[in-house]
2 protein chains.
Amino acid sequence: MSQGKASASQQLFTPVKNKRTFEEVSSNIKELILDGTLKVGDRLPPETQLAQQFNVGRQTIREALRLLELSGFITVQRGGGGGTIIKDTILRRISDLFIDAFRMRRVGIEAITQARLEVERIILDYALTNATKDDLEKLRANVGQANKLIKAGRLATEANAQFHGLLAKATGNPVFVMVLESIMAVHLDFLTRVPASLETSEKVVMAHEQLLEAIEQGDRAKAQSLLEAHLTEVRERLHQVDQEEA
Amino acid sequence: MSQGKASASQQLFTPVKNKRTFEEVSSNIKELILDGTLKVGDRLPPETQLAQQFNVGRQTIREALRLLELSGFITVQRGGGGGTIIKDTILRRISDLFIDAFRMRRVGIEAITQARLEVERIILDYALTNATKDDLEKLRANVGQANKLIKAGRLATEANAQFHGLLAKATGNPVFVMVLESIMAVHLDFLTRVPASLETSEKVVMAHEQLLEAIEQGDRAKAQSLLEAHLTEVRERLHQVDQEEA
DNA sequence: TCACATTTGTCCGTATGTATC
DNA sequence: AGATACATACGGACAAATGTG
């Protein structure tokens, strides 16, 4: 890349083929998905047929499928009746890459907590003005389910994580959902190393419930201070673990 | 990992193999990179040798390499003297996935602009308190380079995008860098559809210069209003394009 | 400039594992 | 339980690209 000048800083001829064949196949299928020709739930033909239709070898098809799989566009099931199915798991893939990136750069837990706090502040702000009745109902249902789990003596870790995702959705802006889920994936990755106790799980549910009430009442100031307190507590808990490990 | 209790409702034996072979190989190599055994710049053995060492077929190795490649851990060059080299391109991969995610969900430009504005607000806030002399020097150099390009009658698109990345770096928190670059990648993806004029490019550089001066003087209020104005202008330009297309 | 060695890219044939009916 | 359909995996072979002498 980056060939400065050809005649006048612009290249006259673009190479007919610079991508590898499996990349060609991959982006070919990707475009079909993105433009709606192939929809979620649809099934792709078997690899052998794909190879024939694209007029390439099976190995090429397989490598193309690996790209699509890791990009979150398809899932592959082996065995009879299985095959390749269009499915949107991009967000999970982004989260996975975020986790990798943090491990690679050896980013500390403080940086993540700080970023999460700031993002959640924004989210709360937007959620307070944009949340629909449907959003609030879903948040209510989430807290209800979490309470149920706690009373049954079970952990509500997953539901508790979901609460923040629902809050992000209530902003009406999907970008906030993506950003929050990416950051939270890293956060949760750290959290899995600390044995979750029933008490802390219960505390979290209570905090969510109070926060939700403040949101429902439109009490901005109260909601903000509750969020602050909630996340500060999470931060303390994580730092404790961080030091124990070190 | 994470087997709480072994007697009731918990599995005693975990399956020896649930991952596919190429996934096994991939995460094997990935761990070697993450724990520092393999460092950036190192070269992996040729595929045939890898196949022998892992005792698998070359096809399996190739699919494993595709995963690592798309995850941003390696780059592959063909030909003599080429091969697989450890290289960290995770951030670029995340940006690519973000672009895919937006196309897939058909998120509008307004949502992205809004999110970017909020994130940049935070970044400016942190940069104002945390920026080191080195950070400021790099920002200065960036503006200088951009000005040079403009005077030479060339566009400064790349440098202008880099300015915001440098600002994010000045927060001292790498999470902000990741989030901003992800959002900006989508933004730039939209921007490539509008033919950039020399005048707008120049305008942007001037805005950056003014903003930098305010930061250097520690004038928080001024910096904030300048940022606001700058991003609002970008927003207007984009919306214009958006409507022309529709 | 040209030939050569190295390494990835691609194809084919075949066998095995696995899930569904 | 058996047949079927599909992904998974192996091995061998050749083509294409790219650096080196």
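So that the names make sense, note that chain A is the first sequence line, chain B the second, and so on, each numbered from 1. What you see is a predicted model; the values in this text were computed from it and never measured.
B:Ser27 and B:Lys19 share a donor-acceptor pair across their side chains, judged by distance under 3.5 Å alone. Looking only at atom types and distance, the side chain of B:Glu63 has a donor-acceptor partner in the side chain of B:Gln59 under 3.5 Å away. Side-chain polar atoms of B:Thr37 and B:Asp35 form a donor-acceptor pair below 3.5 angstrom. Counting only N and O atoms by type, the side chains of B:Thr157 and B:Asn160 include no donor and acceptor under 3.5 Å apart.
In this structure, B:Gly82 and B:Phe22 both approach DNA chain D, and ranking their closest nucleotides by distance from the 5' end singles out B:Phe22. A residue-by-residue look at A:Arg58 and B:Pro45 shows that B:Pro45 has its nearest nucleotide of DNA chain C further toward the 5' end.
The salt bridge (Lys or Arg N to Asp or Glu O under 4.0 Å) test with A:Glu47 is passed by exactly one of A:Arg62, A:Arg66, A:Arg58: A:Arg62.
Salt bridge status for A:Lys138 with A:Asp134: present, with a side-chain N to carboxylate O gap under 4.0 Å.
If you check every strand for non-hydrogen atoms under 4.0 Å, A:Gly57 touches sugar and phosphate atoms only. Using a 4.0 Å heavy-atom criterion, one finds that B:Arg43 contacts no nucleic acid atom at all. Within 4.0 Å of B:Glu47, counting heavy atoms only, lie sugar-phosphate atoms of the nucleic acid but no base atom.
Between chain B and DNA chain C, the heavy-atom contact criterion of under 4.0 Å yields a 5' to 3' nucleotide range of C:dT6 to C:dT10.
We find that CD of B:Gln77 is positioned 11 Å from P of D:dT20, with the value rounded to whole Å. For B:Asn55 and D:dC10, the CG to P distance is 8 Å, given to the nearest whole Å. Computed from coordinates, the B:Ile61 CD1 to D:dT8 P distance equals 16 Å when rounded to whole Å. In this structure, B:Gln59 places its CD atom 8 Å from P of D:dA9, rounding to the nearest Å.
Within the structure, every side-chain polar atom (N or O) of B:Thr60 is placed at least 4.0 Å from both OP1 and OP2 of D:dT8. Phosphate proximity of D:dA16 to B:Arg78: absent, as no side-chain N or O sits under 4.0 Å from OP1 or OP2.
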